[in-house]
Number of protein chains: 2
Amino acid sequence: MPKVVDPDARRREVVDALFRVVVRDGLQRTSLRAVADEAGLNIGSLRHYFASQQELMDFAMQSMLDGLTDRLLRHVEDIGDLSRHPPVERLRLAAGLLAELLPLDERRRAEVTVFLDFNAAARTNPAFRDLSDQAAAGSRRLVRRVLTRLDESGTLRPGRDLEIETERLTALLDGLGLGAVRNPDVLSPQMCTAVLAAHLGDLAGEE
Amino acid sequence: MPKVVDPDARRREVVDALFRVVVRDGLQRTSLRAVADEAGLNIGSLRHYFASQQELMDFAMQSMLDGLTDRLLRHVEDIGDLSRHPPVERLRLAAGLLAELLPLDERRRAEVTVFLDFNAAARTNPAFRDLSDQAAAGSRRLVRRVLTRLDESGTLRPGRDLEIETERLTALLDGLGLGAVRNPDVLSPQMCTAVLAAHLGDLAGEE
DNA sequence: CACGTTGTATCACGGCCGTGATAAATTGTT
DNA sequence: AACAATTTATCACGGCCGTGATACAACGTG
């Protein structure tokens, strides 16, 4: 077997290049040729690893979602049982976990940026529908889970409708991401965390 | 002066056609040819009323913002002095006003959809920057204004940071719009209004 | 060395795009 | 009827796109 090049590594390099192009130029201008240039590859080489544009896009978005999922699972594992932390800490831990979905550093900023573009495209491009819907469902699940845990541990004010609160917090996170990506100067990382903390504080009914 | 055709009416027809194309196919696929077809015009005719694609896009987005602004001003005028309404009604009035920004019916759904696409494009297309930023600043101003009025009329729990609450409510509205456009089944108009009502209720500190 | 797999690089095709140039049709005014 | 401004309609150019076909280089194995 000739030409010893790890295909998986190459594919990851290409996906990294694709992310850079999407962040810099937008998904609309992310053509095979642009990605190949960014990766320092010939377009023929690129097409050796990804048979079609659709395959590349699917793999890229799936990679991003996998990475995010892993990070979230690790974060959840780090926290462990919520009841083993003092009540005062619980909101902070929840905020830290949910902040994985906010563009607070360069890595997360790139993730959210790419994700927003993919989502916008998914509205009218059926090829992206499944992954986009799956991502939306995942973040909604995470939020519901966090709220449920907080509620079960008695950290929330009683009488909350968890369905409504899930939609509210999910929408808040989406909106913060959107705003932080479009207007980073007014919706800085500090402002994002302050807003998230204020929201969770409200839910807990602190004075 | 021959050929009596009201140019403004034509331009409005073209913009309507553009909106339909954007909603149906996405901004990415909204070409001059597609808009001309949708409007039942020849592409040459279209270019007689809009010299360039950029001019058409600018005019379209400006038209949408103007229409929305008018509607908001009319709504604000309808409400009048907030202190002339019973305290119980104030939250409902505020919710109704802010709901102008949510996709609760077909008209607003189209507005929000187009707006989201324009916003996504504005991130990497400098040509849309100004109008997009202006729109974001406008909605932020409206939210701040509503919160200020509620606060001044003593409807809000004291001790709120209006800066943070403005960002929070703005992000919530953006996120609701995003979610309702992408997943109308889970984020129905009823759910949207319920979330908005819950949020304002929280701010007011109702039990 | 020769072979065959794997990777790299080019070319060409058809498609859609925005746009400039230009012709043709329409219609009120002179 | 002749004119001129307005509106409608075509054509062609260059550009970027995804993709198929195909040639060429590299290299472990026989």
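Reckoned from all heavy atoms, side chains included, excluding hydrogens, waters and symmetry mates.
Rounded to an integer number of Å, the gap from CZ of A/Arg10 to C1' of C/dG7 is 8 Å. Whole-Å rounding puts the B/Asp37 CG to D/dA9 C1' distance at 13 Å. When the P atom of D/dT10 is taken as reference, atom CG of B/Asn42 falls 6 Å away, rounded to whole Å. Rounded to whole Å, the distance from OH on A/Tyr49 to P on C/dA9 is 10 Å.
Here B/His48 does not reach the OP1 or OP2 of D/dT8: none of its side-chain N or O atoms lies under 4.0 Å away.
For the residue pair B/Gln134 and B/Asp130, no side-chain donor N or O sits within less than 3.5 Å of a side-chain acceptor on the partner. A side-chain N or O of B/Gln54 and one of B/Asp58 form a donor-acceptor pair less than 3.5 Å apart.
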Which donor-acceptor pairs under 3.5 Å do side chains of residues 112-124 of chain A form with protein atoms, sequence neighbours excluded?
| unit_1 | atom_1 | unit_2 | atom_2 | d |
| --- | --- | --- | --- | --- |
| A/Thr113 | OG1 | A/Arg109 | O | 2.6 |
| A/Asp117 | OD2 | A/Leu27 | N | 2.8 |
| A/Asp117 | OD2 | B/Arg123 | NH2 | 3.2 |
| A/Asn119 | OD1 | A/Ser132 | OG | 2.4 |
| A/Arg123 | NH1 | B/Val23 | O | 2.7 |
| A/Arg123 | NH2 | B/Val22 | O | 2.9 |
| A/Arg123 | NH2 | B/Asp117 | OD2 | 3.3 |
| A/Thr124 | OG1 | B/Asp25 | O | 3.3 |

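Around atom CZ of B/Arg129, more than 12 heavy atoms belonging to other residues, nucleotides or ligands sit under 6.0 Å away. Residue A/Arg24 places its CZ atom among more than 12 non-hydrogen atoms of other residues, nucleotides or ligands, all under 6.0 Å distant.
Contact detail for B/Ile164 and A/Ala194: the closest heavy-atom pair is CD1-CB, 3.9 Å.
Of all the residues in residues 115-132 of chain A, not one reaches under 4.0 Å from DNA chain C with any non-hydrogen atom.
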How would nucleotides 11-22 of chain D be written as a contact map, 5' to 3', with B for base contact, S for sugar-phosphate-only contact and - for no contact, using protein heavy atoms under 4.0 Å?
------BBBB--
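B/Ser188 contributes no side-chain N or O that, together with a main-chain N or O of B/Pro184, makes up a donor-acceptor pair within less than 3.5 Å. Of the possible polar contacts, none joining the B/Asn183 side chain to the B/Asp185 backbone as a donor-acceptor pair under 3.5 Å is found.
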